[in-house]
Amino acid sequence: MSAVIENKSKKVTTHGFMEMKQRGEKISMLTSYDYSLARIVDGAGIDAILVGDSASNVMAGWDTTLPITLDQMIYHGASVARAVKRALVVVDLPFGTYQGNSDEALRSAIRVMKETTADAIKIEGGEEILDSVRRILSAGIPVMGHLGLTPQAIHKFGTYAVRAQEEAEAQKLLNDVHLLEDAGCFSIVLEKIPAKLAAKAASETRIPIIGIGAGNAVDGQVLVLHDMLGITNEFSPRFLRRYHHLYEEISGAVGNYIRDVKSSDFPNEKEQY
Ligand code: KIV
């Protein structure tokens with residue numbers, strides 16, 4: 001394995017993102033929604049942080065990503081951007097802030113960039129949102145695309161099952177990948193699609209393809225931080241690798257605290273004034 005890993009103290013830019021693909025360095029990306037965890041994730045050397053609208057599920061407890069608002073995404077984005085020194089920070093435009101109206105899309109993206117100081121925005125969809133993509137790009141705002149399973153369209157899909165297994169949907173996805181690349185997107189997330197299709201997309205594009213449930217033959221991977229740390233313990237899709245079991249660890253620590261308070265063990269003499 002001889003992939004060169006670049007200087008880990010240099011700020012990651014969208015340009016640097018594309019250079020990583022050119023030199024064959026895989027891109028690591030995780031979500032974060034708050035200052036404290038973003039500080040840890042950035043300090044550990046992650047290449048990119050996604051302030052995903054999965055905050056709607058993870059932080060707010062909604063069933064879907066649809067309820068989160070632009071103001072709430074801006075709050076999360078600004079909290080993360082304040083913590084980050086090196087990683088590229090990408091903020092999701094939430095449902096209803098860019099579809100079908102490129103003026104509104106541009107206004108939403110400008111608000112995110114001004115009020116969070118993030119580096120880029122991400123939006124879901126292909127041909128049907130191309131006007132919005134072009135409009136945002138024309139203002140000099142870098143755009144990351146998102147195709148395959150696009151959770152903001154869950155009510156259209158009806159299920160979170162693997163997408164693009166049929167030929168017609170696979171062809172549309174590849175077509176959308178090329179449209180987004182040609183429009184000027186700097187990268188595209190492909191979520192929950194067959195690994196072979198994702199590999200084809202990555203081999204046919206110059207921009208990095210970041211996978212989540214899209215196999216290994218892409219240019220990088222993204223996971224939801226709370227899932228890979230095991231803070232959420234009810235969500236176990238096949239693509240998720242858990243690196244920790246924090247639900248149990250936090251629950252155990254809270255249990256110990258309750259025990260110590262109830263038994264008057266906490267605080268002891270050294271823990272008081
Ligand atoms: O919102 C999010 O966390 C995402 C990732 C699943 C890619 O879009």
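Note that ligands are numbered from 1 as they come in the structure, with each ligand's atoms numbered from 1 the same way.
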Task: T13 side chain vs G16 backbone, donor-acceptor pair below 3.5 Å - done: yes

- [ ] Taking all heavy atoms of D92 and all of D53, pick out the closest pair and write down the distance.
- [x] OD2-N, 2.8 Å

Task: Any side-chain heavy-atom pair of V91 and M113 under 4.5 Å - done: no

TODO: Would you confirm whether the ring centroid of H226 sits within less than 6.0 angstrom of the ring centroid of F235?
DONE: no

For ligand 1, what N or O to protein N or O distances fall under 3.5 Å?
{"residue": "ligand 1", "atom": "1 (O)", "partner": "D53", "partner atom": "N", "Å": "3.2"}
{"residue": "ligand 1", "atom": "1 (O)", "partner": "D53", "partner atom": "OD1", "Å": "3.0"}
{"residue": "ligand 1", "atom": "1 (O)", "partner": "S54", "partner atom": "N", "Å": "3.0"}
{"residue": "ligand 1", "atom": "1 (O)", "partner": "S54", "partner atom": "OG", "Å": "3.3"}
{"residue": "ligand 1", "atom": "1 (O)", "partner": "D92", "partner atom": "OD2", "Å": "3.2"}
{"residue": "ligand 1", "atom": "3 (O)", "partner": "S54", "partner atom": "OG", "Å": "2.5"}
{"residue": "ligand 1", "atom": "8 (O)", "partner": "K122", "partner atom": "NZ", "Å": "2.9"}

TODO: Provide the closest heavy-atom pair for A195 versus G215 in the form atom of the first, atom of the second, distance.
DONE: CB-CA, 3.8 Å

Task: Check ion pair D103-R135 (N to O, under 4.0 angstrom) - done: yes

